[in-house]
Amino acid sequence: MSSSKVPNGWGPIRSTLALAPLFLALLLYTLYQHSTLPTPNVHPYNPQTGLPHPSEATILSYAKYLSEDIGYRTPGTREHAEADAWMVRKAEEIKQLCEEVVNKEKGRKLECEVWRQEGSGSHRFDMMSTRLYKTYVNLSNIIIRISDGTERGKASAVLINSHLDSTLPSPGASDDGLAVGVMLECARVLVETKGWEPTYSVILLFNNAEESLQDGSHLFSTQHPIAPTVRAVVNLEAAGTTGRELLFQATSEEMIEAYSHVPRPYGTIYANEIFSSGVLLSDTDFRQFEYYLNVTGLDMAIVGNSYMYHMRGDLVENIEPGVAQHMADNSLALLRFLSSDASPIPRLEHGFARPRTVFFSNFGLFIVYSFTKAKIMYVTLFATSFYLVRTTGVKRVWTALGAVVSAFVGAVIGANGVAFVMNNVLRKGMSWFSGEYFPVILYGPAAIVGALITQLPFSKTGSNQTLEKPLLAALLLFQSGLATVGQLFNIGSSAALFLGATSMFAALGVDALLARRRRILAAQRGPKENHAHQTTEKRMLDGTVETDVSLWTYAIAMLIPLTTGVQLLSATLVVFVPLTGRIGGDAPSEFIIASIVAVIGAFTILFSVPFAHRFGPATLRHALVLAILALGVVMAFFYNQTPFDEKHQKRLFVIHMEDLITQEQHLHIAAADGAPGFDELVHDIADKFGEDDVPPKAIVMNDYNNDWDALYPFSAFLSPYKIDLPLDPAYTAPWPPEELFSITTVNDTINDSAGTRKLTLKIDHPGIIWTVIAFDAHVFEWTLDNNPPNEFVRHHIKEASFYGTDTWTVSMTIKHPPVKDEGGATTDAGTALKIDFIGIQEKRMWPGKKTESDGSQAMKLFKAFDEWMEEKTGGTVDAMLLGCVRGETVV
């Protein structure tokens, strides 16, 4: 059996303990730096200098007023209209402040203009591989333009955008009330900064319809007279309530350069490439600006604790101190730079090119270099790495490369194997959901077990052979080679591998110097002693005896992979772990998270593979046994965990549906995650609120399930049930169906010779918002866009309108195949167009409207349902409750 002893006498325990403090220090320091936020400013002016600066206290007061004093600002509601009026007042206050400042500072070139834009329009909105059409009526935006008052200064502008509205189940303090406050504070600071004059104008767009699928930004981009002056965009969003705001889209080198001027950068090419890939199935207003204005820009969002995203918990009390300050300081710096003489805006007047730039932030630094430079650096590193390995005489590198690849594959298989057991065998999927870092505790040991198992064949029992030094060399070649190949294919995220390889290169370089020092010392020994030592050293280089690799080699090798990997893993899990709560029950959430931990985790601690070989096969087997025991402990721990708690809730979607044709009422229940227990919860709900002895029915979710069209296309993620509700025989609908929701035709003409039917659909929906119509037809042309599908297909048209607007229309020409009866005559059936329709009753949304309940059956049920659910689940479920009406008509 091989010895576990090394030349300096340090065994596995002592060596591990020697490296552990550095490992833990790097880990903790990286996490600390990754999560550190600035100290919030309370006062609007610096107490020492008296100069204006953004105040987090002021920003949060705006967010609180919008989210709590006004409340749920869903487009089409009264609260939405109240936010619009409030925003107009705040914009006028900025304009008045601007005029006062100019009067005090004679000769200062500064002008503030305010618009309240109102308009109607339509646009195609493809999402989740689904074709959808949007139409809107009388929606609004509030715009402030700050310029030097000259035509030249107004000709080119940078636009910064946030949205006033909130989505159906959320008060929207962070999303996006916080960004609204940030923009107001930025406007105030710019105006109050003595002597500040913008070379290029600043447009602040407070759009009032983002959550209805970006209608507000579409309205501005396509209809406002100053929209063509926009050369660059900064979009502010939120999908969480904690941590630094993340730059996740940068679409030109000029805007990446602009971002390098912010005081607290937090953005990487890694996030940029993930978002651009479409894997997150998410979108922002940035899409409309890019498509209709053809401009470049930056898309930034708060992403930490996205458990609160689009939920009741999106309140100011859950926003971490420093979050608003971080976004405000960076936004202000961007506006100052982009409106200055040094701005890249002149270079953007005639368009822009997609960036070919690597960028990332690391410990407060923002590092940028071109793809060309990246290719030169990565190829150079790979070539010098190859040279280093050859000149140091390391043997068996190909075998070691096989061991490295095997370890990587084993880590992935090990983690996914445990995921299979947890999800499919033990039925305890998503047991890690309540902690963003919990998956590391579960799947980290699983990946280590998988990696160690693959190393057993490479560790030869009964000899003194070791692959430690060959593995270190193989890791260097593996990482530098993979970085080179990735960058040659223009994958900017290859920078992570390059950084890891530089650390390994430095480590092996130091090891080579130490080996050279040993040779010098050997030359000073006596001939007999020197001959023995040289023989031993040669065998050491071949990896055939106990290791002579210094622990300093590992100390250096872990520096960059550990710090970089921890940042990548943290940023990825912060986004993806909460995301699994809303990507659908059929999504392989368990395996996605396991793979993320295994892949990024392997990159982070891949240096542990040669360390595992350092002490021979016996120690390797002992390490495997310990890893298996640790895995068993953590699996037992997570087996006893439940996925959800009061701060990390399950999303439940509840619709009280009233059929205007049959007068039937049903309760539709759905979840958007694959955690166990949903079926049992639905049956409990049916027992409590449904008809006696009538079980809930599982419903297939497809394009023809129009009960969920109010949430289309997100409804594709849902796993729905339908529960029959007992109906009071004395109940009558509060309005006649034809007055509540009606679809009629106007200018309806048929051209038999052309085989077409031309008509205008008129949809009347008093008291109903977010209406949707769905029908099957071959549309030749319509008023929604210029390119309808050239086939007979299902169409969905969603509407959003300002409060009090109860009518919208769509005109179209459709294919008209007449139907012949047995006698050859044309029948009326050939002219029929069947339309399914649905909408949300504006006064029947819980909890948004619970303080002004109309006493309807739906609101009474919602109140009882919410109280029962709180008691039943202990606050671990957040239910969105909507009162909807539906029906169908033939026109």
Side-chain angles (χ1 to χ4, degrees), residues 37 56 59-75 77 79-80 82-83 86 162-183 206-212 235-246 282-285 300-324 326-328 433-434 436 574-575 577-579 581-582 644-654 672-673 711 714 845-851 866 870 875-882:
L37 290 167
E56 177 167 299
I59 293 168
L60 294 181
S61 71
Y62 293 147
K64 186 170 185 178
Y65 184 86
L66 286 169
S67 60
E68 297 179 35
D69 292 359
I70 293 179
Y72 292 66
R73 308 174 305 284
T74 306
T77 62
E79 293 82 359
H80 179 252
E82 288 182 9
W86 175 85
S162 63
H163 63 88
L164 273 168
D165 61 317
S166 66
T167 193
L168 292 166
S170 174
S174 180
D175 181 20
D176 203 24
L178 185 146
V180 169
V182 164
M183 285 173 51
F206 301 89
N207 92 70
N208 208 9
E210 190 270 348
E211 300 293 2
S212 60
N235 188 58
L236 303 182
E237 261 292 358
T241 61
T242 65
R244 300 176 288 173
E245 104 274 347
L246 172 69
S282 184
D283 215 342
T284 70
D285 283 316
M300 306 189 298
I302 301 160
V303 297
N305 190 35
S306 62
Y307 299 100
M308 302 292 181
Y309 177 57
H310 287 184
M311 297 180 78
R312 301 185 201 185
D314 188 4
L315 298 167
V316 167
E317 66 189 48
N318 291 319
I319 297 176
E320 182 182 10
V323 167
H326 190 276
M327 177 178 274
F433 181 77
S434 60
E436 292 157 329
V574 160
V575 172
V577 171
L579 182 66
R582 57 183 189 270
F644 308 106
D645 58 33
E646 292 183 8
K647 292 294 185 181
H648 312 87
Q649 297 170 300
K650 181 183 185 71
R651 297 168 189 260
L652 196 68
F653 302 85
V654 182
D673 64 76
L711 301 182
F714 173 76
M845 296 185 289
W846 191 281
K849 295 287 185 176
K850 69 178 181 180
T851 58
D866 210 32
E870 176 71 22
T876 63
V877 172
D878 185 295
M880 178 191 73
L881 301 111
L882 302 176

Subject >> Rounded distance [0.5 Å steps], CD in E870 versus CG in D878 >> reply: 10.0 Å

**OP:** Taking the side chain as every heavy atom from C-beta outward, state whether F644 and S434 have any atom pair closer than 4.5 Å.
**Re:** no

**OP:** Search all heavy atoms of N207 against all heavy atoms of D165 and return the closest pair with its distance.
**Re:** O-OD1, 4.2 Å

Original post:
Roughly how far, to the nearest 0.5 Å, is the OG atom of S170 from the CE atom of M880?
Top reply: 11.5 Å

Subject >> From OG (S174) to CD (E245), nearest 0.5 Å >> reply: 11.0 Å

Original post:
Under 4.0 Å between a Lys/Arg side-chain N and an Asp/Glu carboxylate O for D673 and K650?
Top reply: yes

Subject >> Any residue meeting ring-ring contact (aromatic ring centres under 6.0 Å, His included) with H80, in chain and number order, not counting sequence neighbours >> reply: F802

Original post:
Just checking, is any N or O donor in the side chain of H163 or N208 under 3.5 Å from an acceptor N or O on the other one?
Top reply: no

**OP:** Go through the steps to decide whether D176 and R73 satisfy the test salt bridge (Lys or Arg N to Asp or Glu O under 4.0 Å), and finish with yes or no.
**Re:** CA-CA 11 Å; D176 203 24; R73 308 174 305 284; over 6 Å; no

**OP:** Looking only at non-hydrogen atoms, find the nearest pair between S67 and A173 and report the distance.
**Re:** OG-CB, 3.5 Å

Original post:
Between E79 and K849, is there a side-chain N and carboxylate O pair less than 4.0 Å apart?
Top reply: yes

**OP:** Evaluate the side-chain proximity of N235 to M300: yes if any heavy-atom separation is below 4.5 Å, no if none is.
**Re:** no

Original post:
Rounded to the nearest 0.5 Å, how far does OG1 of T167 lie from OH of Y309?
Top reply: 7.5 Å

Subject >> D175 side, atom CG; I302 side, atom CD1 - distance, nearest 0.5 Å >> reply: 9.0 Å

Original post:
Does any non-hydrogen side-chain atom of R312 lie less than 4.5 Å from one of P169?
Top reply: no

Subject >> Short side-chain donor-acceptor distance under 3.5 Å, N305 and N318 >> reply: no

Original post:
For D866 and W846, which heavy atoms make the closest approach, and how far apart are they?
Top reply: OD2-NE1, 3.0 Å

Subject >> Partner set under side-chain contact (heavy atoms from CB on, under 4.5 Å) for E82, not counting sequence neighbours >> reply: I70, R78

Original post:
Which value, rounded to the nearest 0.5 Å, describes the distance between R651 atom CZ and H310 atom NE2?
Top reply: 8.0 Å

Subject >> Qualifying residues under ring-ring contact (aromatic ring centres under 6.0 Å, His included), relative to Y307, sequence neighbours excluded >> reply: F433, H648

Subject >> Closest contact, heavy atoms only, V877 versus Q649 >> reply: O-NE2, 3.8 Å

